[in-house]
Amino acid sequence: MDIEVVRKAPLFSGLDDEATAALLDLMKQSTLHRGSVLFHEGDSGSELYVIVAGKLKLGRSAPDGRENLLSVIGPGEMFGELSLFDPGPRTATVTAISEVTLLGLSNDNLHTWLSGRPDAALNLLQALAARLRRTNDTVGDLVFSDVPGRVAKALLDLATRFGRPAADGVLVAHELTQEELAQLVGASRETVNKALADFAARGWLRLEARAVVLLDMERMSSRAR
Ligand code: CMP
């Protein structure tokens, strides 16, 4: 297991070796194949997870069957805590979009471990606050930004988390189909494809299967504003 990746997770941030080891002892490792669903929106939940490797999508369905992606998350990120801290059904369906390795922590073990460790509780609060900040930005973008702006912003966000240097730019292996990318920015596939084709024609990015190479970060950033 890549312990350094796990240490980046908000649950572990700033913890001493004793607290980290105690937490790791309580966590159970599991793997998922691409396309498998870990749990569905509406299920009851009793575990939170930290991603060790791979990527997952968090999706919600409207009553008419349309899908919306809340986020794509990867190594070091935590999820599944909402239905533990605010007991209730899972708020999203979680699906592996690549091979995934996870560490799971049960509600009971989380409570045992957190009691007497106020710093760890603060880490969790900080992670939740950061997520709310990000969600507020996304809601604002849905109201104030056009689709190309939202596509540019989503790609830059994915680049920040998953980007790797390539010969001519930044490779973002987001693992999403164009349909899923459209679900992530809250627009139709046609409009998102048009925006991507336009960015590609301008030389700002290159499209690859389930990935893009961002060639001109500066122009992408100004389009995202
Ligand atoms: P839970 O509701 O237990 O299961 C789905 C998880 O998705 C949820 O906990 C959060 O961890 C995560 N989640 C829900 N909404 C968002 C969001 N807007 N951004 C990122 N993650 C989210």
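This is a predicted model, so every value here is computed, not measured. Counting starts at 1 for both ligands and their atoms, in listed order.
- A salt bridge links Glu81 with Arg131: at least one charged nitrogen is closer than 4.0 Å to a carboxylate oxygen.
- When each atom of ligand 1 is checked for a heavy atom of Thr91 under 4.0 Å away, the hits are 1 (P), 2 (O), 4 (O), 5 (C), 8 (C), 14 (C).
- Residue Arg90 has at least one nitrogen or oxygen atom sitting less than 3.5 Å from a nitrogen or oxygen atom of ligand 1, judged on distance alone.
- At a heavy-atom cutoff of 4.0 Å, ligand 1 is contacted by the side chain of Leu70 but not by its backbone.
- For atom 3 (O) of ligand 1, the closest non-hydrogen atom on the protein side is Ser83 OG, 2.3 Å.
- The residues Arg117 and Asp16 are annotated as not salt-bridged, no charged nitrogen and carboxylate oxygen being separated by less than 4.0 angstrom.
- Taking every heavy atom of Glu81 and a limit of under 4.0 angstrom, the matching atoms of ligand 1 come to 9 (O), 10 (C), 11 (O).
- Taking every heavy atom of Phe79 and a limit of under 4.0 angstrom, the matching atoms of ligand 1 come to 11 (O).
- Judged purely by distance below 3.5 Å, without hydrogens or angles, the side chains of Arg90 and Ser83 pair a donor atom with an acceptor atom.
- Between Lys153 and Asp137 there is no salt bridge, since no side-chain nitrogen of the basic residue lies less than 4.0 Å from a carboxylate oxygen of the acidic one.
- When only modelled atom types and interatomic distance are considered, Ser106 and Glu47 share no side-chain donor-acceptor pair under 3.5 Å.
- Atoms of ligand 1 lying under 4.0 Å from at least one heavy atom of Thr135, given by number and element, are 18 (N).
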Q. side-chain contact (heavy atoms from CB on, under 4.5 Å) between Val172 and Leu155: does it pass, once the steps are laid out?
A. CA-CA 8 Å; Val172 187; Leu155 292 177; 5.7 Å; no

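- Remark: Arg161 engages Asp157 in a salt bridge, criterion side-chain N to carboxylate O under 4.0 Å.
- In this structure, Ala92 has a heavy atom closer than 4.0 Å to ligand 1.
- Looking at atom 6 (C) of ligand 1, its nearest protein heavy atom turns out to be Gly80 N, 3.8 Å.
- In this structure, atom 7 (O) of ligand 1 lies nearest to the protein heavy atom Leu58 CD1, 3.7 Å.
- Using modelled atom types, no side-chain atom of Glu67 and backbone atom of Gly59 make a donor-acceptor pair closer than 3.5 Å.
- If you look at Arg131 next to ligand 1, the close heavy atoms, those under 4.0 Å, all belong to the side chain.
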